[in-house]
Amino acid sequence: MKKKMFFVILMVICLFGTVADVNAQEYKGVLSNIIMNGKHFSDVSSQSFTLIDKGNDVYVLIGEVGQIGKMPGFIYINLEVKVSNGVINPVKLDDKAGTLIVFNGLPINISLRNITGTLSSDHKTLHFTLETYAGWKLIPTFPASVTFNGTLQ
């Protein structure tokens with residue numbers, strides 16, 4: 001009985017995992033044009049971002065950016081974008097775009113200044129420029145921008 005129950009639970013987990021993957025698309029590529037606090041940094045290869053289709057042209061963009069330069073941690077991006085006729089735009093400006101994790105887990109919110117880009121009609125290529133800041137709207141303490149070019153995996 002335990003084996004049968006375990007098997008049923010395993011099948012349900014696999015089924016939900018398959019359904020979730022249908023709406024998620026992973027893109028691998030390069031971060032370029034990296035500017036943080038007015039300083040330019042070298043390109044970062046082997047970067048990946050995931051788009052999750054929520055319906056009605058709204059997607060969730062998720063990705064993790066490792067340490068760049070003297071950055072004290074890593075950045076976790078998680079924001080909603082609107083994709084209409086292949087053009088990417090923000091759903092809401094100045095909303096939380098992600099989190100900068102510093103000093104072994106201390107989170108600092110990152111706000112969205114703007115995102116623009118394109119998703120090809122066949123969904124095989126993703127391009128966007130992301131502009132963010134940490135701090136306050138009127139006093140952006142840590143402004144940053146990056147460009148991502150990736151292909152569907």
Side-chain angles (χ1 to χ4, degrees), residues 13 15-153:
I13 290 170
L15 177 63
F16 284 123
T18 302
V19 171
D21 287 344
V22 170
N23 292 328
Q25 297 175 314
E26 183 182 9
Y27 296 84
K28 289 199 178 186
V30 175
L31 283 179
S32 60
N33 303 318
I34 301 168
I35 303 172
M36 292 186 299
N37 291 329
K39 295 179 184 176
H40 293 264
F41 293 89
S42 300
D43 294 355
V44 177
S45 59
S46 301
Q47 185 63 53
S48 67
F49 282 90
T50 301
L51 275 178
I52 300 171
D53 188 351
K54 290 182 68 177
N56 296 328
D57 295 335
V58 175
Y59 291 77
V60 177
L61 177 67
I62 298 173
E64 188 177 304
V65 178
Q67 186 176 9
I68 297 172
K70 293 182 180 179
M71 191 169 74
F74 67 92
I75 298 171
Y76 180 70
I77 300 295
N78 185 342
L79 71 126
E80 287 188 344
V81 295
K82 182 116 177 143
V83 181
S84 182
N85 296 319
V87 177
I88 299 172
N89 286 299
V91 169
K92 186 176 178 186
L93 293 176
D94 297 315
D95 204 13
K96 183 178 175 182
T99 308
L100 171 62
I101 306 296
V102 296
F103 307 120
N104 297 322
L106 177 65
I108 298 172
N109 286 342
I110 296 174
S111 297
L112 177 65
R113 176 161 288 161
N114 198 18
I115 184 168
T116 57
T118 56
L119 177 63
S120 64
S121 59
D122 59 4
H123 289 217
K124 291 190 177 185
T125 60
L126 173 66
H127 164 81
F128 63 82
T129 299
L130 176 65
E131 299 173 45
T132 62
Y133 65 92
W136 302 270
K137 185 176 180 179
L138 297 175
I139 306 170
T141 308
F142 301 106
S145 66
V146 298
T147 299
F148 176 77
N149 287 297
T151 56
L152 183 64
Q153 296 301 295

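Note that CD of Gln25 is 5.5 Å distant from CG of Leu152, once rounded to the nearest 0.5 Å. Rounding to the nearest 0.5 Å gives a distance of 11.0 Å between OG of Ser145 and CG of Leu31. Note that CG of Asp57 and CD1 of Ile88 are 11.5 Å apart. Values are rounded to the nearest 0.5 Å. Of the inter-residue distances, the one linking Tyr76 atom OH with Thr99 atom OG1 reads 8.5 Å to the nearest 0.5 angstrom. In this structure, the separation between OG on Ser32 and CG on Asn149 is 5.5 Å, given to the nearest 0.5 Å. In this structure, Met36 CE and Ile75 CD1 are separated by 6.5 Å, a value rounded to the nearest 0.5 Å.
Here the shortest heavy-atom pairing between Ser42 and Ile34 reads O-CD1, 3.3 Å. Annotation for Ala24 and Ile52: closest pair CB-CG1, 4.0 Å, computed over non-hydrogen atoms. In this structure, Asn33 and Asp43 approach most closely via the heavy-atom pair N-OD1, 4.0 Å. Here the closest heavy-atom approach between residue Tyr59 and residue Leu51 is recorded as CB-CD2, 3.8 Å.
Side-chain contact check for Val60 versus Glu80: some heavy-atom pair is nearer than 4.5 Å. Using a 4.5 Å cut-off on side-chain heavy atoms (C-beta onward), Phe142 and Ile108 make no contact. Using a 4.5 Å heavy-atom threshold, the side chains of Ile68 and Val44 count as touching.
When the side-chain contact (heavy atoms from CB on, under 4.5 Å) test is applied to Lys39, the partners found at least two apart in sequence or on another chain are Phe41. Qualifying side-chain contact (heavy atoms from CB on, under 4.5 Å) partners for Lys92, counting only residues two or more places apart in sequence or in other chains: Asp95. By the side-chain contact (heavy atoms from CB on, under 4.5 Å) test, Asp122 is found to be paired with Ser120, Lys124, residues two or more places apart in sequence or in another chain being considered.
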- Message: Using the rule given for ring-ring contact (aromatic ring centres under 6.0 Å, His included), can you reason through Phe148 versus Tyr27, listing the C-alpha separation, both sets of side-chain angles and the distance that settles it, and then say yes or no?
- Response: CA-CA 10 Å; Phe148 176 77; Tyr27 296 84; 7.6 Å; no
- Query: What's the verdict on side-chain contact (heavy atoms from CB on, under 4.5 Å) for Leu130 and Leu79, showing C-alpha distance, side-chain angles and the deciding distance?
  - Reply: CA-CA 11 Å; Leu130 176 65; Leu79 71 126; 4.3 Å; yes
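Looking at Leu93, Val81, Val91 one by one, the single match for side chain to side chain contact (heavy atoms under 4.5 Å, CB included) with Ile115 turns out to be Val81.
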